[in-house]
Amino acid sequence: MRKNRYSNGRYGVVDIFRRNIWINTDNEAIAHAIRKTFSSKAGLIVYDLSIFENVSQDPPTVDSDCCLDWQIDVEFNENVTNVNLANPATTKTQTQHRSKKLINSPIVSLLTPERQHELQQQMLLYAHILTETKLHVKLDSAEIQEQLIRLNLDPGTDYNGSQFRILEQIDRIFARELDIADIERQLEDLANWFFETYPWISGRILRALDKLYA
Amino acid sequence: MRDFIFIHLGYLCSLDPSLKDTNYVHQQWFNLSSSLKWAWHTNSRVTQLETPWPLATTVSPLPEITNDELDFDTVIDSIADEFCQHALNSGRTVYLNWSGGIDSTSILVALLRVAPQQFLDNLVIVTDLSKSLNENAYFYYRFIHNKFEVQDLNTFEITAANYDQIILLDGEGGNQCMQGPSVQRQLYRRRTDLLNAPWRSLENLSDLLVGSNSFHHALIRESIDRAPVSIDTGYDFLWWVGFNFKFDDVLVRKMFTYAKNLTPEQTKDFWNNGLYRFYQHPRMQMWSMNARDLRRQYAEITPKYFSKKYIYDFDQNDFYWASKTEQGSDALAFAKELRTSTSPYFAFDDQWNKYSIADQKTRQLFGEILQRV
């Protein structure tokens, strides 16, 4: 039985047209990584959910178990209605909204509830992969050296370069595949492929897939 | 002096912002761009605009309505079928500028559905993968990758050596036939009340066409009197604005890039024989005019319903069908030709002569036309 992953947090990844919350996470960088990687599956925008009066973090009002039942009200700000790769407004976390409350109601979607859940699970898996591997985090030189020493890697290793190459391939898998079973299978293949070269990253990917000891 | 088929008014304004000052005699033409998504170059396909500059008639006259076909799939399939025969008979290599967006994808789907293998074997896809994968990664990997020759849009050039050997397809005109971003904006705002209402009953047309002013309204009203179909609802109104006033703009604007290496004669030849737009085809335009009530009804389900449904029926990508929103046109990529300091061209006349702002005589000419001297 496939594991249902969980997430909560301040940063909501919101469907820009339907306005439902697909996933919320406490990591802003991961929220934006989801926004970019899933852009060919949905138009997405990141909101700081703390701006809404009816959202609390403790206990969480909105989490992955219920966020699909929450939506953001209509926004008239032209900056965020012009969905455009070149529009910087839609690439930043939104910290303002004319309405101070989220709407507790599921959206009307062309996706079945099962497929809405599928897309959400894909986003959750992606978030989990990034949390495990920190591949989305660009390390500075001191952090890189610390990491290389800790992992007993050659000091000359291009750590950020290797992260980028693997992350690029992970992003491609999530962008092009429609079903999570295919995503998981390809991620497992990717991790096994890179194991000799980048064992720590590959191991963490497999751990995220619950396949490290499989 | 020849008539102009394209003048980038936005480019001129960026060099001379005072063209928009209220005390400038021709400011109303330059302030048309205050309406979001208005054309860079304004022309009307049904009326002769009284512009300060000599304006050529439209490059794309409205077709006479000779059928009442309402099925989008039938229309685009028939255009693709006809095009394939034309292309095969011409002996030219076909290049499809695929952005990953809805319009260019619908064209590729049509070709994949109806084209003979001989045609598909020679089709080349031109794309910027750094952008198109953000639009539709699934479609690329499922239907294009390792199946077609792919060329990088950023290095693709039309030259004196190839302009008469190729046919270039792109999705321009799609927004104007489908509905346009002004409709999408109102859908996003959930203002279907504006879209469904008789536009004549609306107190403030600026609520409908955001950023518009009385000059916009006067031009639009005059053109509606000449429209070949009745323009009744707010949806019709917004669709008509794009279909009538922006069609020339979207068809011509990429020519600065397409024809940057060509002489005027070569440019004219390429325009007539080397460039093909499915959404400019008379049957597609007829569909657009005939099916406006259908499009309005289905727009609430998802913007660009018919072309998205056409794609979905082919590739079964329900995520794209359900949630994908329209991104900006890749015309932005071509706009760099207008905005970079290395590309001073901003106008074409009806003989396809390009006009450069770097040319002193051109500046003097426009100085006189615009009464800036």
Query - Parallel, tilted or perpendicular: rings of B:Y11 and B:F346 (30°, 60°) - result: parallel

Report task. Just jot down the ring pair (Phe, Tyr, Trp, His ring centres under 6.0 Å) partners of A:H32, sequence neighbours excluded, or say none. Result -> none

Report task. Answer with side chain, backbone, both or neither: which region of B:Y141 has an atom nearer than 4.5 Å to a non-hydrogen atom of chain A? Result -> side chain

Query raised in the report: Would B:Y345 and B:F256 count as a close aromatic pair, with their ring centres under 6.0 Å?
Result: no

Query raised in the report: Above 12 or not: heavy atoms from other molecules or residues under 6.0 Å from NZ of B:K147?
Result: yes

Query - Greatest number of heavy atom pairs closer than 4.5 Å to chain B - which of A:T112, A:L110, A:V108 - result: A:L110

Report summary line: Looking only at A:D15, A:L119, A:L44, A:D171, the option with the highest number of non-hydrogen pairs under 4.5 Å against chain B is A:L119

